[in-house]
Each structure stands twice: as structure tokens, then as C-alpha cells.
> 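Sending over a structure as C-alpha cells; questions will come in a sec.
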There are 2 protein chains.
Amino acid sequence: ADIIKKGTIKSSGVLKGRYPIDTITQNIEEAMSNADIILVVTPAFAHKSIARLIAPYLTQEQIILLNPGRTFGSAEFKNAIEKEIGKIPIFVAETQTLLFTSRQLNKNKVEILKIKDTVDFCAFPEKDTFFIYDTLQDVFPQLNPVEDYLEVSLRNIGMLLHPTLGLMNAGFMDIGKEFKFYKEGATFHVCEVLEQVQAEVNLIFKKLGMQHFNFCEWAKKSYGINAKCIHDAIQNIIPYQDISAPKELISRYFIEDVPTGLVPIASLAKFLGVKTPTIDSIIHLTSILCGTKFKDTGRNFSGLNLNDFISRRIKVHEFGIHDEELKKAHV
Amino acid sequence: ADIIKKGTIKSSGVLKGRYPIDTITQNIEEAMSNADIILVVTPAFAHKSIARLIAPYLTQEQIILLNPGRTFGSAEFKNAIEKEIGKIPIFVAETQTLLFTSRQLNKNKVEILKIKDTVDFCAFPEKDTFFIYDTLQDVFPQLNPVEDYLEVSLRNIGMLLHPTLGLMNAGFMDIGKEFKFYKEGATFHVCEVLEQVQAEVNLIFKKLGMQHFNFCEWAKKSYGINAKCIHDAIQNIIPYQDISAPKELISRYFIEDVPTGLVPIASLAKFLGVKTPTIDSIIHLTSILCGTKFKDTGRNFSGLNLNDFISRRIKVHEFGIHDEELKKAHV
């Protein structure tokens, strides 16, 4: 309400100032008209419904950027649009993570704690990435175009950490007891389960010819930490130490990260003939806790129309056939 | 050491006095000689090794009573003995629960908090039950002979509660934080998982023609509580409210109740063609937490030589053929 009255957002932190907003509306048609770039900054479980909502108002060459997409965000988004209105020449891309670390203050105020130096992004299909980059780089110079969609979409750290740690601390979250999610919840033995989840993800990555998914390497790159195991790494990331657990069980740690992280990974594994008993167990048990069959409601690979994309990828990896040759051969 | 020096156990509580012990020894041969009744009062995961240890010293007509057997205790015990020394005429039975509620005090002292009024027991094979009862009823008048082995062996409450509640509170147990296992750990949503475990057990019971496995009914019978769901029941059992969680993750809640409770149930389900995804998930994740593949180390149905026993049972249930007729017909 305040933001509509004032027509501006007042920002503090690393980005200071009063920023006027042209249009603030809940009317989708109004929001969509004359928009060159459509930024979707919502929990990933909302992407599909947003795709359906905006589909009727899309016009040619509009760019949609999911910030972030989680796993297979753009693929799901594009697929949902095409189911509504058929193929039209629009562009859909996703970032690997949020651009801003920020929080909402009261009224029309926000605090920007950090603007990330670089944020990987990729379009789906991948060939659209550089067209989008041309348009976006003036507005968001932090965006780093990545050629490989799977690199952006599958390296999902939230999916690795949140559901498992939430499950192993479900009781305390459910009664709303204060505790530090990582410092107290990510114990040595609990992190053994994270190691198994990571190992299963790596079986998939191997099939796809991707480099290892390795939390320790990510922690080194992101926080400069040298650790030998996930437990070590988590317990040494300073900004993690003070993060409190959600005070309710049914939180984004489950309802976002399971259907848009673990479900696409597990169903992709099934398509690839890779067994993921640990990930399957976590999906199954968090589904009971949340009263939602995430396997059915989530981003199931079989409904994403990605079979050809992945099959081509495996052929490139296994037989060393290049993408261009495959396209020529209409495989 | 004290108990050896004094040669007695001093008991307080509902059973007061000083009880002399004829022989206190860690020498199996010595312990076994001239024993009419061999009481095995250990965690159930030790039964198999005890069976192997005592097998060479067994003599005809000795009675072995597992107190308690957990699931398929006698079957495993008898099987392990026969693997060592072949078939000999001995008798193996199991109780459904411990006879005494007690705790060890210092030195040679124990406190008996409660002697149960009645404790169900059954032999394996079932036909031995009444012979054993004849011998035992003078010593343990509380023993209640039950005709159906599955009734004693499959109605395992610990298996229902302990592994699931432990898993959902693994973080806090692992860092050794004090909390009330049931009062704080068995929250509403966590108990939804218990409901699923119970539902899966009931699919098995139905196949076997057994009456429902129902925690609420058990709570009514045992504690006089009227409850509509497991959460309600647990939160209303007064003696449960003060029970603290184990201060270490790798406790009997996992290392006893998974291999001698959930593993036999899940593997029996597999034999029956019943799906148990929730139980399987709990076995899988607690196995990772404990660094032990309980599916391999536990009481797997396929290694218990029970196929004929269960198949006969199903035929009796499904076709109404009586056991005696089946035996005559050599089915």
C-alpha cells in the first residue's frame, strides 16, 4: 500500500536513494504491456503459475528472466507458456542465484546488503543467451552469460542443503524452537547424508559429462574456505553461523527446494538410469511432512519436454559428437 | 566386578531383597552347563551372535527365552543355531516386551520400578509354546502364551516410534542437546510420518490376515488414553512426557530398532509384494547416519528361512484352509 501511495522504493545499504516506479499493479495485462524485460523474482514454485498468467499477454521478442530459476526454471517456464499459447518468439533465461542480497524494511523501504559481483545466467534454449545478454548487460552488468544451461540449472546449492538439513531437524522447526540452522543443525552425522546426496548428484553429472558437483570447491570459490568434507565447510562459512532455522516446518526449505530442486534432479536421474535412493527418501519424507506429493506437483523431468535436449547431451559426451554435427544430422 | 565379589544382586523398588546368583561368568560353556532355561536379556541386535556363541554347548530340551525378541527374534535365533550345529531338539521363544521395568544402580544394585502384570510370549515354531509354558509358568507366572507367532513378533511399538522420531530430530541428538524425545520431538507433522509407517505395516498385516496395527488402540489398552491420531496419543501418555532424548545419535533407537524392527518388516513386505516407501526411506537414511547398511546387517526376511511359514499363513488367510489340513496335504 505504501509503495503504491508514494510511487517509489527507498533503498538503503550499498544502493542508496529513492527509485521511482512507473507502474505498480497486480493487473497482469497492465504490468506486461510495453515491458521489454520481465524480471520474475519469486520463489521458484510460483514460476509455472506465473507463466500461465502472463502467457496471454506476451508479445514477440519479450525477454523473461527468472531470478533465480532453481533447477529447470526456464525449461518449465517456456514449456508452460507453449502449452497455453503455442510457440512464439520470446526469450526465457534464468540466473543461478539472486542478484541482490537484500531485505524488506517497513513501508516502501528496502535495504540492499550486497550486490553480487557476478551472477551466472543462461537462456533456454542456450542459443538465445547472447541475444538476451546484449539487451541486459547495460542494465545488469553483473550478469555473466554461461553457454551450458545445465551448469546454471543443476548446480543448485539450496537443493543440496535445505531439504536434508530441514528433515533431520524437523521436530525443532515444527515446534518453533530457536536454533541455528547450520551451526547446530548441520552436525557431523547429518552431513554424511549431504555427502550421499552430493554423491548421487555426481552420478548424474558424470553421465552428462559435467564436472563434479562439489560443495567444498564451491565453499572455496565463494568463501575462500579450505575444507575436506561438507561438515567442515559448512561449519567454517562465517555468514552461515548466525542463520536461524525457520520457526515453522512448512517453509521454503521444503516447499521450494524439494519441488524445484530435488524432484527435477531425481526424475532426471530416473531418465538417465541413475539410482538416487537418498534423494528419493528425502523427497518422500518431506512430502509426508508437508502433506504434498512433491513428486507429482514438482518439476518432474518427464513433463518438461527435455528428453531430446538431454539425449543429445549424452551423445555429445559419450560419443564425442559435437552439437553442431548432431543438429545437422537431425538426431 | 562388585556383583562377582558379592555373589548377589541387591534389589530395591517393587522387588526388595538380596538375591544370590549361583554362577556369574563370561565363560559361555560354564554359563550353559546344567541350565534348563536360558534367558537372553540383551539388545536384539546381539541375538544372532549369542546364538552362534552358545550353539556348541546346547543340550537337548534346553529352553531359550529372548526377552524381548523384537521382530523375528526366535526365528533368527533358531536359524543361527541350526546353521552352526544342525537341527537339535531345543526350544526357542520370545516375549513381546521386557518383564521388568528396571534400572541398574551402582555396584551390585538394581531398582525394579515395575513388574508387568502380563507379558505375551510365543515359541518358534508355535507348537512349542505350550511345552515351554509348562516349564516357565512357575518361575514367571506373568508370561501369557500366545498361539500366533506373528502377533508377538510383528507388533513392535519401538520399531514404529524410535527410528522415525530419531531421524526427524537427528541434529539435536547428534550435538547432544537436551530435549524431551516425545514431548518436543514428536510434533504434529513428524507424527504424520509415523501414521504413514503404521499404514504401511497395516498393508502387511492385511495380507497376513492379522488385525490392524493401531497405536491409538495400543495406547488405550496400555494407558487408558482416548486419542484420534498418533500425535494425540503420544502427547497424552503421561510416562512419555519426561523421557529425554538420547544424548548421542548412534543409539539403540537406530542400531536396535532398525535392524531388528524395520528391516524384517520391510523385507517381509517385499516378499509379500507390498510397497513400503516410508519404511524404506527411514532405513536408508538412518543407515547413512549410522554408517551401517542395516538392510544387509539386519534381520532380512530372505535369510530367516521363513518363506514356508509365511506362505502357509497367507494360504490359510486367503483361501480359508486350516493349518492342519495344509500340513496333511504337505503344501
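Proteins get letters first, then strands, A, B, ... in listed order; numbering begins at 1 in each.
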> Considering only heavy atoms, which portion of A/Leu249 lies under 4.5 Å from any heavy atom of chain B: side chain, backbone, both, or neither?
side chain
> Heavy-atom count around A/Lys293 NZ within 6.0 Å, excluding the residue itself: above 12?
no
> Please state whether the side chain, the backbone, both or neither of B/Gln196 comes within less than 4.5 Å of a heavy atom of chain A.
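Contact with chain A: side chain only.
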> On a heavy-atom basis, which atom in B/Gly171 and which in A/Asn169 lie closest, and how many Å separate them?
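Shortest heavy-atom contact: CA-OD1, 3.3 Å.
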> Which distance, rounded to the nearest 0.5 Å, do you find between the OG of B/Ser281 and the CD1 of A/Ile288?
7.0 Å
> I need the residue from A/Pro277, A/Gly291, A/Gly185, A/Cys290 with the largest number of non-hydrogen atom pairs under 4.5 Å to chain B.
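Option with the top pair count is A/Pro277.
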> So which part of A/Leu165 gets closer than 4.5 Å to some heavy atom of chain B, the side chain, the backbone, both or neither?
neither
> Heavy-atom count around A/Lys247 NZ within 6.0 Å, excluding the residue itself: above 12?
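Enclosed.
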> Might you confirm whether atom CD of A/Gln241 has over 12 heavy atoms from other residues, nucleotides or ligands at distances under 6.0 Å?
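Enclosed: over 12 neighbouring heavy atoms sit under 6.0 Å from CD of A/Gln241.
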> Is atom CZ of B/Phe188 surrounded by more than 12 heavy atoms (other residues, nucleotides or ligands) closer than 6.0 Å?
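Open: at most 12 neighbouring heavy atoms sit under 6.0 Å from CZ of B/Phe188.
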> Are more than 12 heavy atoms, taken from residues, nucleotides or ligands other than B/Lys116, located less than 6.0 Å from that residue's NZ atom?
yes
> Between A/His189 and B/Leu289, which heavy-atom pair has the shortest distance, and what is it?
CD2-O, 3.1 Å
> Please check this pair: side chain of A/Asp174 against backbone of B/Thr187, looking for a donor-acceptor N/O pair closer than 3.5 Å.
no
> I'd like to check A/Glu184 versus B/Lys177 (side-chain heavy atoms, cut-off strictly below 4.5 Å). Are they in contact?
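Side-chain contact under 4.5 Å: yes.
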> So with a 6.0 Å cut-off around CD of B/Gln104, is the heavy-atom count from everything else above 12?
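It does not: B/Gln104 CD has 12 such atoms or fewer within range.
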> Heavy-atom count around A/Asn305 CG within 6.0 Å, excluding the residue itself: above 12?
no
> Where does the angle between the aromatic ring planes of A/Phe179 and B/Phe172 fall among parallel (under 30°), tilted (30 to 60°) and perpendicular (over 60°)?
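The arrangement is perpendicular - the two ring planes meet at more than 60°.
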> Side chain to side chain contact (heavy atoms under 4.5 Å, CB included) with A/His284: which of B/Val193, B/Leu285, B/Thr278?
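The option that passes is B/Thr278.
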